[in-house]
2 protein chains.
Amino acid sequence: MVNLGKVLRIGELARLSGKTVRALHLYEELGLLLPVQRTRGRFRLYHPSAVARVEWIGKLQDASFSLTAIREFLDDVEQERAAPDAMARVRAVFEAKLHETREARTRLEKLEADLVASLVYLDGCRSCQPVHDSHECSECCINGHEPQTQPLLLAGLHSS
Amino acid sequence: MVNLGKVLRIGELARLSGKTVRALHLYEELGLLLPVQRTRGRFRLYHPSAVARVEWIGKLQDASFSLTAIREFLDDVEQERAAPDAMARVRAVFEAKLHETREARTRLEKLEADLVASLVYLDGCRSCQPVHDSHECSECCINGHEPQTQPLLLAGLHSS
DNA sequence: AACTCTTACCCTCACGTATGGGTTAAATGT
DNA sequence: ACATTTAACCCATACGTGAGGGTAAGAGTT
């Protein structure tokens with residue numbers, strides 16, 4: 001946008017990609033991102049395609065690849081262009097990640113249910129608030145109400 | 001199991017709760033877990049209910065509460081037994097977490113779709129492998145195939 | 001003797017934050 | 001036309017964070 005011509009400075013790249021300057025420095029340290037050149041004063045200058053590169057890194061991070069894993073991933077692809085199993089490797093990695101993701105989603109769904117159960121339980125508490133003062137209500141809600149039915153997320157509050 | 005009577009040592013507590021000794025030490029440093037007493041030789045001795053406490057900590061961690069957040073949570077509940085809004089606070093925290101969780105699940109679902117799309121794309125690649133040698137296929141699969149349709153998770157591989 | 005526990009220290013990852021200075025581009029002054 | 005100032009930007013370096021993992025030397029327990 002600002003640079004109609006060719007290059008971006010790190011701040012622009014940061015804004016366009018949604019990352020911080022610090023993060024981009026780190027990516028360079030780890031060999032994930034290189035400026036096409038530097039100014040005389042050592043300012044980094046990036047090709048516009050760096051935005052896509054950084055966004056790609058972000059995508060893989062969302063997929064919970066570590067930065068070093070992303071680095072290995074790049075190495076694999078760059079150095080094994082001639083190997084017959086390059087794509088097979090990528091496939092394997094993605095398939096493994098897909099399984100992880102499905103498991104993570106299942107865990108999140110369980111957590112959601114736990115949270116809802118806890119909120120329902122606390123709703124029950126609120127209805128007994130008018131009956132006695134709030135000190136007793138705390139006792140009632142945290143310690144009472146038949147301990148077995150207490151949601152897991154509230155079960156640790158009694159024994160300090 | 002081993003201690004029929006009263007107390008657990010840290011290793012037993014670790015085994016029963018599925019955490020490491022190191023983690024339990026950390027919880028103590030942060031004020032989340034206290035031994036009922038120590039032996040003359042400073043070995044920590046825990047009440048059996050500590051197992052539930054540790055499991056509760058784990059549950060909240062699964063809900064992506066940080067340990068310091070859990071600490072604040074405990075403070076809130078312990079120090080505000082007399083305050084009328086103690087339960088309201090707990091509710092608020094849980095409701096916020098529920099929203100976060102739903103958002104996280106949505107993100108995971110998007111990620112799952114991305115992964116599936118990438119795998120489908122790679123399947124397409126594999127079908128063109130017999131046509132030419134693997135070097136060219138790598139070029140084809142990573143750089144070719146109409147760039148716009150390339151899944152996001154594969155889009156960063158061309159511009160090194 | 002064999003096992004468990006203690007404190008203490010360093011390692012990891014993906015950055016955040018702080019320091020103290022250098023660079024660049026634009027606006028102003030002469 | 002050239003010089004200076006200014007604001008914004010950037011540099012390298014180093015230390016801090018969270019939630020532990022790992023290891024070691026020594027001391028306690030059975």
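Within the nucleic acid shown, B/R42 comes within 4.0 Å of sugar-phosphate atoms alone, with no base atom in reach, counting heavy atoms only. Residue contacts for B/H25: at a heavy-atom cut-off of 4.0 Å it reaches a base atom on one of the strands shown.
Between A/I70 atom CD1 and C/dC15 atom C1' the separation is 14 Å, expressed in whole Å. The separation between B/R71 atom CZ and D/dG18 atom P is 13 Å, rounded to whole Å. Rounded to an integer number of Å, the gap from CD of B/E12 to C1' of C/dT4 is 10 Å. Between B/L26 atom CG and C/dC9 atom C1' there is a gap of 15 Å when expressed in whole angstrom units. Counting to the nearest Å, the C1' atom of C/dG16 and the OH atom of A/Y27 are 13 Å from each other. Here the C1' atom of nucleotide D/dG20 and the CG atom of B/L33 are 15 Å apart, to the nearest Å. One can place CD1 of A/I57 at 16 Å from P of C/dC13, the figure rounded to the nearest angstrom. Remark: P of D/dC10 and CD of A/E28 are 13 Å apart, rounded to the nearest angstrom.
Picking from C/dC13, C/dT17, D/dA19 the nucleotide with the shortest atom distance to the side chain of A/R22 gives C/dT17. The side chain of B/A23 approaches D/dG20 more closely than any other nucleotide in the set C/dA14, D/dC11, D/dG20. Looking at the side chain of B/R38, the nearest of the listed nucleotides D/dA12, D/dG28, C/dT7 is C/dT7.
Residue B/R15 is the one, among A/F43 and B/R15, whose nearest nucleotide of DNA chain C lies closer to the 5' end (criterion: closest heavy atom). A residue-by-residue look at B/T68 and B/T39 shows that B/T68 has its nearest nucleotide of DNA chain D further toward the 5' end. When the nearest nucleotides of DNA chain C are assigned to A/T20 and A/R40 by heavy-atom distance, the more 5′-ward of the two goes with A/T20.
One distance of note links CD1 of A/I10 with CD of A/E12; it measures 11.0 Å at 0.5 Å rounding.
We find that B/D62 and A/K110 are not joined by a salt bridge, their nearest charged nitrogen and carboxylate oxygen being 4.0 Å or further apart. By the 4.0 Å N-to-carboxylate-O rule, A/E55 lies too far from A/K19 to be salt-bridged with it.
OP1 or OP2 of C/dC5 has at least one side-chain nitrogen or oxygen of B/R9 nearer than 4.0 Å. Within the 4.0 Å cut-off from OP1 or OP2 of C/dC13, not a single side-chain nitrogen or oxygen of A/Q61 is found.
Put simply, the side chain of A/E95 never gets that close to the backbone of A/A92: no donor and acceptor are under 3.5 Å apart.
Judged by distance alone, the side chains of A/R53 and A/H47 never bring a donor and an acceptor atom under 3.5 Å apart.
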